[in-house]
Q: 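The structure's right below; bear with me while I get my questions together.
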Amino acid sequence: MPHFRLHSRLIASTVLGCASLAALPLASPARAATAAAPAKAAAFDAAALARMKATAQRVTILRDKWGIPHVFGKTDADAVFGMVYAQAEDDFNRIELNYINAMGRLAEVEGEKEIWTDLRMKLYIDPAELKAKYADSPAWLQQLMNAWADGLNWYLASHPQVKPKLLARFEPWMALSFSEGSIGGDIEEIDTKRLGEFYGKAPQAGAPQTGAPAVALAALDANGLGSKEFGKGFDKGFDKEPTGSNGFAIAPKLTADGHPLLMINPHTSFYFRPEVHMVSDEGLDAYGAVTWGQFFIYQGFNDRIGWMHTSGGGDVIDEYLETVVEKGGKFFYKFGDQLKPVREKRIALPYRTANGGMATRTVTAYYTQHGPVIRSEGGKWVSIRMMDDPMHALMQSYGRTKARNYADFYKVMQLRTNSSNNTVYADADGNIAYFHGNFIPRRDPRFDWTRPVDGSDPATEWKGLHEIKETITLFNPASGYISNTNNWPCTGFGASNPDCSTYPAYMWSLPQNARGIHAERVLQGTKDLTLDGLIAKSYDSYLTAFEPLVPAVVRDWDALPAGDALKGRLAAQVAALRAWDLRFALDSVPTSLAVYWGQDMVKAAAERARAKRVPVVDFIQTSLSPQERLDALARASDKLQADFGSWKTPWGEINRFQRASGDVQQRYDDAKPSWPVAFTSANWGSLASFGMVAKQTTKRIYGDRGNSFVAAVEFGPRVRAKSILAGGQSSDPRSPHFADQAEMYSRGEFKDVLFYKEDIEKYLERKYHPGE
């Protein structure tokens with residue numbers, strides 16, 4: 001089964017998206033009809049209840065003054081049980097939605113519009129295979145999966161008032177359906193619109209597929225991600241708000257106390273991950289962010305090491321143009337001098353109907369040796385290949401949380417099942433390290449792997465995986481620092497930058513970005529850095545992307561003849577930009593003007609940038625005419641004037657944080673309380689990211705993506721850390737921890753992490769066993 005990453009559109013923005021794959025047995029229409037209503041509480045037998053209760057008594061949850069759960073168990077499995085139980089207390093809804101989506105059952109809840117999202121999942125789903133993988137898993141992993149299911153089921157058994165949408169019982173094998181936890185997923189390279197067009201009617205060999213399917217199609221997702229027709233990797237340059245992260249590691253020689261520092265700065269949808277701490281008598285002691293419903297710390301640290309993932313490693317997904325012919329009513333595809341049979345699989349897609357009932361649509365899916373067929377292009381069928389090893393992926397995801405040193409961590413990395421991320425690493429021994437990607441197929445570098453390749457040519461086959469030593473890695477670089485911002489690996493390490501020309505081009509998939517330039521600048525020349533100093537650098541206010549844009553528009557205005565209409569209309573605006581230091585601030589009028597101007601240019605130039613396969617911010621920096629820049633500035637001024645009464649509106653009046661409800665789809669309201677936020681979208685080079693992806697129905701901008709869980713860690717004799725969450729730990733508006741971190745978050749102010757038990761107990765809010 002491919003290695004998938006859950007997309008935040010489902011759990012924190014909109015209910016459109018996909019994740020890792022697995023499935024409950026395909027429901028017949030009759031069975032699905034009962035699933036359309038809120039699921040009834042599962043009836044657990046006496047033996048199961050006794051087992052779960054006994055486990056709960058071995059687990060203690062300590063909630064600190066911020067509501068963060070610190071879970072203590074005798075065994076790792078006990079800690080898993082308690083940790084997932086605590087997550088369910090904070091937001092069972094998001095856990096359930098993640099697994100509904102992960103198992104290709106979203107249409108059973110959301111309706112017919114999601115059947116192609118479900119098909120995208122079920123192209124890979126075979127429940128029997130997934131259960132077989134569970135059975136083949138090592139005993140220790142089975143124990144963790146058993147504990148995971150028991151923890152969620154114990155929550156449901158002890159909270160009969162909770163009404164699941166669909167999943168009233170969790171089974172251990174389901175944990176394999178979601179084995180990694182990153183934001184944005186491999187599988188999302190499959191465009192559901194094109195998938196629906198292909199399977200919405202009977203495919204034909206050698207003929208382009210045209211026409212729309214009989215049901216509504218999902219458009220490009222909320223982040224602007226779509227199919228590979230614009231080139232693999234390049235689509236990510238067009239995100240309305242970049243998905244990704246910043247990771248910084250600082251060597252002891254550059255720090256004030258001689259201790260290594262690590263900055264963990266994911267850019268995700270808000271509320272995508274809560275903050276947790278899990279401890280066992282078997283050596284587990286991990287703290288950090290966990291994606292809802294998973295049982296491992298995804299980005300975090302233990303008392304010896306820390307790890308930070310940034311999305312966008314190597315090019316790891318490939319598409320193949322398949323030459324398909326039909327003979328005797330069967331399809332065959334060409335490979336070398338052979339004709340191989342296309343494998344067929346009937347897939348049922350139950351969905352909720354408009355009147356609340358259930359119906360099922362069934363399609364025949366097609367597979368070649370490369371993977372499922374996902375669309376047609378120029379008379380060819382297009383199949384897709386990606387990682388397919390959920391068991392080892394889950395082993396790797398959990399295993400890194402128990403690593404004690406670099407050698408341990410490297411051994412876990414050798415599983416090579418992290419297809420989604422780069423990794424920034426630091427440890428208490430004073431080491432820092434960087435891994436660009438992890439799962440990277442070895443391929444013939446003569447081909448352009450950013451585009452579909454000829455599936456009939458044996459030379460396009462994968463040739464195993466690259467060893468870690470063959471990928472772009474750094475260990476204790478002489479520069480003393482490491483940074484990655486979802487950009488290329490060719491910079492970010494000062495004098496220790498690797499020579500990218502010595503590696504195949506497919507070793508990385510994304511270009512340099514404004515954050516990468518910014519990060520390099522704030523880290524160069526670093527010395528005597530403290531934990532607070534690292535946080536300050538991570539919130540540096542400079543907006544790198546405007547460096548070429550502001551001088552250009554100033555020159556454009558200067559060159560206008562005296563009688564030009566824009567000369568007088570934009571005089572004050574240009575004067576404000578001319579005097580601007582390119583730094584965001586709450587009271588900054590130029591920040592407001594620049595951001596609205598930049599947004600206007602991006603909107604106007606997006607299609608041209610796509611056509612040239614250039615990230616849109618790069619495009620507006622280099623390819624717009626003077627007239628286009630000036631006209632965009634005029635339109636931006638008009639919008640500010642219309643929305644706020646003056647284009648001279650300070651940034652803090654516009655850019656706000658608001659958490660009005662615990663709904664997955666937040667609805668923002670200018671009349672409700674909110675907090676001003678100075679930092680901007682990452683598109684403009686802001687290291688601290690704050691952007692809006694949801695459709696804007698308000699005048700103000702309300703961030704919903706960017707800095708979410710952020711932590712800075714110092715590895716001394718005792719680990720010391722600070723962190724902040726967007727809003728708070730709980731998704732229940734009635735909880736005191738729903739928005740108790742909101743004001744601090746808006747200011748970029750961090751709380752002290754309570755890592756040691758004696759510190760937790762000093763600030764203890766509640767101590768209990770699960771179910772109490």
Side-chain angles (χ1 to χ4, degrees), residues 241 246 265 267 270 514-515 518 522 532-533 535-547 549-550 572-573 575-600 633 636-637 639-660 666 668-694 696 698-708 710 712 722 724-728 739-751:
E241 178 61 31
N246 302 330
N265 186 187
H267 294 165
F270 296 165
R515 279 181 294 131
H518 191 179
V522 300
D532 289 334
I535 293 171
K537 286 183 179 294
S538 299
Y539 280 74
D540 185 81
S541 60
Y542 194 72
L543 299 178
T544 327
F546 287 109
E547 275 188 348
L549 290 168
V550 168
Q573 291 92 322
L577 292 176
R578 194 193 299 268
W580 187 35
D581 61 2
L582 304 188
R583 292 189 174 276
F584 60 68
L586 291 178
D587 61 355
S588 171
V589 169
T591 302
S592 304
L593 184 60
V595 169
Y596 273 66
W597 173 50
Q599 289 174 338
D600 187 279
L633 184 58
S637 301
K639 181 169 178 54
L640 284 166
Q641 186 78 34
D643 287 350
F644 302 103
S646 171
W647 67 262
K648 298 179 181 179
T649 303
W651 181 234
E653 292 295 317
I654 299 170
N655 202 49
R656 313 288 290 192
F657 177 81
Q658 184 179 88
R659 193 180 194 189
Q666 291 282 301
Y668 302 103
D669 188 339
D670 287 332
K672 291 182 178 179
S674 62
W675 292 268
V677 175
F679 40 104
T680 78
S681 163
N683 281 315
W684 311 121
S686 181
L687 294 175
S689 175
F690 188 82
M692 187 172 187
V693 172
Q696 190 170 348
T698 56
K699 292 181 179 179
R700 285 171 157 177
I701 295 171
Y702 294 96
D704 56 19
R705 179 184 295 275
N707 280 21
S708 46
V710 190
K722 295 187 174 186
I724 192 66
L725 274 175
D740 57 340
Q741 298 183 54
E743 188 171 359
M744 293 171 62
Y745 171 87
S746 70
R747 297 196 302 260
E749 177 185 335
F750 283 43
K751 64 185 185 295

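By convention here, the first residue in the shown sequence is residue 1.
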Q: Could you give me the CA-CA distance, side-chain angles and deciding distance for Asp704 and Gln666, then say whether side chain to side chain contact (heavy atoms under 4.5 Å, CB included) is met?
A: CA-CA 8 Å; Asp704 56 19; Gln666 291 282 301; over 6 Å; no

Q: For the atom pair CZ (Arg515) and CG (Leu543), what is the distance rounded to the nearest 0.5 Å?
A: 13.0 Å

Q: Taking all heavy atoms of Asp670 and all of Tyr702, pick out the closest pair and write down the distance.
A: OD1-OH, 2.7 Å

Q: Hey, what do you get for CG (Asp740) to NZ (Lys751), rounding to the nearest 0.5 Å?
A: 8.5 Å

Q: Determine, step by step, whether Phe690 and Ser746 satisfy the side chain to side chain contact (heavy atoms under 4.5 Å, CB included) criterion, reporting the C-alpha distance in whole Å, the side-chain angles of both residues, the deciding distance to 0.1 Å, and the verdict.
A: CA-CA 10 Å; Phe690 188 82; Ser746 70; over 6 Å; no

Q: Restricting to non-hydrogen atoms, name the atom on Asn265 and the atom on Leu687 that form the minimum distance, rounded to 0.1 Å.
A: OD1-O, 3.6 Å

Q: Measure across Ser681 and Ser689 and return the closest heavy-atom pair with its distance rounded to 0.1 Å.
A: C-OG, 4.5 Å

Q: Run the side chain to side chain contact (heavy atoms under 4.5 Å, CB included) check on Leu586 and Thr591 step by step: do they pass?
A: CA-CA 9 Å; Leu586 291 178; Thr591 302; over 6 Å; no

Q: For the CG atom of Asn246 and the NZ atom of Lys537, what is their distance to the nearest 0.5 Å?
A: 14.0 Å

Q: Just wondering, do Val589 and Trp580 contact through their side chains at under 4.5 Å, heavy atoms?
A: no

Q: Aromatic rings His518 and Tyr542: how do their planes relate, parallel, tilted or perpendicular, breaks at 30° and 60°?
A: perpendicular

Q: Does the side chain of Asp532 reach to within under 4.5 Å of the side chain of Lys722, using non-hydrogen atoms?
A: yes

Q: Over 60° means perpendicular and under 30° means parallel, so tell me whether Phe270 and Tyr745 are parallel, tilted or perpendicular.
A: perpendicular

Q: Is there side-chain contact between Pro676 and Arg656, with heavy atoms separated by less than 4.5 Å?
A: yes

Q: I'd like to know if Asp540 pairs up with Arg583 as an ion pair, taking the criterion as any Lys NZ or Arg NE/NH1/NH2 lying under 4.0 Å from an Asp or Glu carboxylate oxygen.
A: yes

Q: Can you give me the closest heavy-atom contact between Ser637 and Trp647, atom names plus distance?
A: O-CB, 3.8 Å

Q: Is the ring pair Tyr539/Phe679 parallel, tilted or perpendicular, if the boundaries are 30 and 60 degrees?
A: perpendicular

Q: Between the side chains of Gln658 and Lys672, does any donor sit under 3.5 Å from an acceptor?
A: no

Q: Considering all heavy atoms of both residues, which atom of Gly703 and which atom of Tyr668 are nearest to each other, and what is their separation?
A: O-OH, 3.7 Å

Q: Specify whether Phe644 and Tyr596 have parallel, tilted or perpendicular ring planes, treating 30° as the upper limit for parallel and 60° as the lower limit for perpendicular.
A: perpendicular

Q: To the nearest 0.5 Å, how far apart are CG in Asn707 and OG in Ser538?
A: 8.5 Å

Q: Once you round to the nearest 0.5 Å, how far does CD of Glu653 lie from NZ of Lys648?
A: 16.0 Å

Q: Minimum heavy-atom separation for Gly685 and Ala514, please, with both atom names.
A: CA-CB, 3.6 Å

Q: Does Gln573 reach the side chain of Leu577, with side-chain heavy atoms less than 4.5 Å apart?
A: no

Q: So, taking the atom named OG in Ser674 and the one named CD1 in Ile701, what distance separates them when rounded to the nearest 0.5 Å?
A: 12.0 Å

Q: Could you go through the side chain to side chain contact (heavy atoms under 4.5 Å, CB included) check for Leu640 and Ile654 one step at a time?
A: CA-CA 10 Å; Leu640 284 166; Ile654 299 170; 3.6 Å; yes

Q: Measure from the ring center of Trp684 to the ring center of Phe584 and say whether it is less than 6.0 Å.
A: no

